[in-house]
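As structure tokens, the structure follows; a few thoughts come after it.
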Amino acid sequence: MTALRPTGTGFDPDTATWFLHTPNTTYALRLTDGRLAHVYWGAALTDAEAAALPVRAESGARQRGSTSFEARYDGTEEYAWDGGVRYGVPSLQVRFADGARGLDLEPVGDEITVDRLTIRLRDRHYPVEVALRYRLRPDSDVLERSVSLTNLGDAEPIEVLRFDAASWALPHRDDYRLSHVTGMWGAETRLRREVAAAGETVFTSRRGITSHHANPWVMADDGTAGEEHGEVWSVALAWSGSWRMTVQRTPLERLSVSTGFGHDGISWRLAPGERLDSPVSAGMFTPGGFGAASRAWHAHVRRHVLPHPEEIRPVLYNSWEATFFDIDVARQSALATRAAELGAELFVVDDGWFRPYQDDRAGLGDWRVNPDLFPDGFAPLAEHVRSLGMGFGIWVEPEMVNPDSDLYRSHPDWVLHQPHRARTELRNQLVLNFGRDDVRAWAGAWLHGLVRDTGAVFLKWDMNRTFSEAGQPGAADPDRLWIEHTRGVHLVMDRLRAAWPDLRIESCSGGGGRLDLAILARTDQVWASDNTDAADRLRIQDGFTRLYPPGVLEAWVTDSPNTVTGRRTPLAFRFHVAMTGVLGLGGDLAAWSDDERCEAASLVALYKRIRPLVQQGRLYRLRPPDADGLCALQFADDDDVVVFAFRETPRMGFGVPPLPLAGLPRSARYRDTSTGAEYDAGVLTHHGLPLDLPRGEYASTVVHLERRRRP
Ligand code: GLA
């Protein structure tokens, strides 16, 4: 979308309406009858129009004496707390020391600058303050919200039972449909689109990580939006631990979304004088369909979330699928040589380098290079890698410990555990409590030493199990660990990055288990899935890039048959799928034939030419993965265009019709960089790009179109 006007906040004293203008949208809330009503979220309005917005309490059916069953404001409140006549989803729920539940908040003041608004509310009786915060960016339609909760008392704690970052109220529409992603290990971020159920729909993680199973965002439309048209509202949460997002569709057909950290049943005892800050929940409206929504999120993440958005991500080689735990200096060095020949720019040693055995039973936590595998430490390999012109990267899993480790033998109390309960191992490992100062100090120190001693410029930060028996015996407020562990992980990453400004980090959690706007603020890319099967990846990557940009999606080309699915696919198909994200290599290059290596080197070279478009351009999903016959993606900047097309299964010998492209400037003319063919934008848009796909299964092609400058 092009910016229509400057962004900014405003307040109309006559109607007590605050408004927040993003370049293309307006958001408004109002103080009315002593309560904060949400009044508008949609296409841009003027200040006068925003002030004139009517506020309507929902009424529903009426008959004399029949109004005692409905809560009139459910689903339309600016922030829905528990208390009074409310039956909707509470974003804030507390219990006071005298046993009273529920809040009775009244607005007591606001602070307003050009890009920020804070509205303070206080309870009419108890000493508690809630500050609702809003932040605008001059070049983004994403509105960032968060909340602070302060115990103003000096004696009693307040038990916080639920504390969401925002409730988002959508305007009334005839119907509502939700888009979200779901999955599991090896099958992450698969798009689902379904009618919003009457009642409540909960997306959540109770696992201590963002999770493979759901991702903290949802998009809503009225059931008629398409890829390039229609109103779409999206809500995301920037949090890398357990979370909850509840969509409610009220009896009066209003839709709202409440989201925040923590899951059901965990609490926080807010001490006198203490302030608890929620993470950010970001919301965005677009009238341009799901494609415009994704492009606006991608632009926002690049401009306002990622630490180094201007950088082009390198082509890396990762040894995991080539060797699994069977690693040593000779094999790694040989792989590095081959990877460099193909054009890799970064070589990453994966799991196994510190292990006493060639499996996952022991060694996690000790983080000493195994001298049987690397007799002279990492230095010879790291130097070899650097002599080949590549950066050196290392896999780490700082939050984990094997019980069979010196660390666990010395600090059995450092792991999450409950008294009188088993310490259940998953993958033979337990979770270190990063909410503890001593654990964070230990992790920060060894990570710092590892980077210093090896000259590593890249860490793959993995997290390979979910929480269980998550307690910290003796802690005054044990549930805090759910929040504090995540904050601790963020803090260790932030400090490491501050100490090593050239260090780049990949977020990984058994594939894509830790993917959210908060982890993207302190990492540079994300390992999307341990499933590297190219056909499955088309779906996983489609869901991933609904909100997160292709420039953070790490995708390796691995061997055929695939180690997860056993499927055989041509090398070109595997490359083309990986080239729609951040291309990496992950196969056993020692086993690749000369022909395969030659083809791979030319595809890596092609990727290097087009990657600014893929990593930083605009994505148009011309045909999604399950469109009949053909899946096609287009990436464009103001000059060039690259189109990828995939046909998994041919049918009846039908050919492929020309593929209409999207978003091209009307007067532009393009040249296919490989065939030299020239096309006018109008022809490409209204007739389509001719595609030359090979015969057979898993056929694919890539077309790079360069804009011709007219004399
Ligand atoms: C996780 C990661 C993999 C690999 C293994 C190593 O599963 O997602 O890429 O690093 O751990 O144990």
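Numbering starts at 1 and runs along the sequence shown. Atoms considered below: every heavy atom in the structure, side chains included; atoms not considered: hydrogens, waters and symmetry mates.
The residues E321 and R574 are annotated as not salt-bridged, no charged nitrogen and carboxylate oxygen being separated by less than 4.0 angstrom. For the pair E227 and R623, the salt-bridge criterion is not met [side-chain N within less than 4.0 Å of a carboxylate O]. Salt bridge status for R707 with D638: absent, with no side-chain N to carboxylate O gap under 4.0 Å. One finds a salt bridge joining D626 and R539 here, because a Lys/Arg side-chain nitrogen approaches an Asp/Glu carboxylate oxygen to under 4.0 Å.
In the model, W461 has no side-chain atom that pairs as donor or acceptor with a side-chain atom of T523 under 3.5 Å. Side-chain contact of Q525 with R313: a donor-acceptor pair under 3.5 Å is present, judged by distance alone. Residues D139 and H304 bring a donor and an acceptor atom of their side chains to less than 3.5 Å of each other. Between the side chains of Q541 and R537, a donor-acceptor pair is found at a separation under 3.5 Å. S529 and E188 share a side-chain donor-acceptor pair at under 3.5 Å. Defined by atom type and a distance below 3.5 Å, a donor-acceptor pair is missing between the side-chain atoms of T259 and S281. Remark: the T558 side chain and the T532 side chain contain an N/O donor-acceptor pair separated by less than 3.5 Å. Counted by atom type alone, D115 and T113 present one or more donor-acceptor pairs between their side chains at under 3.5 Å. Remark: the D533 side chain and the N531 side chain contain no N/O donor-acceptor pair separated by less than 3.5 Å. Between H38 and W168, the side chains place no donor N or O within less than 3.5 Å of an acceptor N or O (distance only, hydrogens not considered).
Both tests hold for R193 against F290: distance to the six-membered ring centre under 6.0 Å, angle to the ring axis within 45°. For R177 and W233, the positive end is not near the middle of the six-membered ring at less than 6.0 Å and at most 45° from its axis.
Closest non-hydrogen pair, A44 versus T26, comes out as CA-OG1, 3.5 Å. Heavy atoms only, all atoms of each residue included: F458 and L316 are closest at CZ-CD2, 3.8 Å. Nearest approach of T545 to P549, heavy atoms of both residues: CG2-C, 4.4 Å. Residue T224 comes nearest to D221 through the heavy atom pair N-OD2, 3.3 Å, listed as atom of the first residue, atom of the second, then distance. For the residue pair A236 and L547, the shortest heavy atom distance occurs at CB-CD2, 4.0 Å.
L29 has its side chain within reach of L20: a pair of non-hydrogen atoms, C-beta onward, lies under 4.5 Å apart. Counting heavy atoms from C-beta on, the side chains of H704 and Y670 never come closer than 4.5 Å. Residues S319 and W395 have side chains not in contact (no heavy-atom distance under 4.5 Å, counting atoms from C-beta outward). At a threshold of 4.5 Å between non-hydrogen side-chain atoms, the residues D141 and P23 count as touching. Put simply, the side chain of V614 does not reach to within 4.5 Å of the side chain of L583, judged on heavy atoms. Under the 4.5 Å side-chain criterion, counting only non-hydrogen atoms from C-beta, E554 is not in contact with K460. The closest side-chain heavy-atom distance from R116 to T118 is not below 4.5 Å.
Judged by distance alone, with hydrogens and angles left aside, the side-chain atoms of D524 form a donor-acceptor pair with the main-chain N or O of I505 at under 3.5 Å. Under a 3.5 Å cut-off, the side chain of T210 and the backbone N or O of N215 do not form any donor-acceptor pair.
With rounding to the nearest 0.5 Å, the separation of CZ in F573 from CG in L538 is 5.0 Å. Atom CZ of R546 sits about 7.0 Å away from atom CH2 of W217, to the nearest 0.5 Å. The line from CG of L237 to OG of S258 is 10.0 Å long, rounded to the nearest 0.5 Å. For the atom pair L633 CG and Y620 OH, the distance stands at 13.0 Å (nearest 0.5 Å). Here the straight-line distance linking atom OG of S240 with atom CG of D516 works out to 3.5 Å at 0.5 Å rounding. In this structure, CG on L459 lies 9.0 Å from CE on M493, to the nearest 0.5 angstrom.
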Discussion item. Applying salt bridge (Lys or Arg N to Asp or Glu O under 4.0 Å) to R504 and E311, what does each step give before you reach the verdict?
Written reply: CA-CA 11 Å; R504 300 292 173 263; E311 282 181 11; 2.6 Å; yes

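Between F635 and F644, the ring planes are perpendicular. Angles over 60° get that label, and only those under 30° would be called parallel. Between W527 and W556, the ring-plane angle classifies as parallel under the 30° and 60° cut-offs.
Counting non-hydrogen atoms of neighbouring residues, nucleotides and ligands closer than 6.0 angstrom, the CZ atom of R137 exceeds 12 such neighbours.
Of the residues listed (R440, E399, H490), the one engaging H485 in a side chain to side chain donor-acceptor pair (under 3.5 Å) is E399, and it is the only one.
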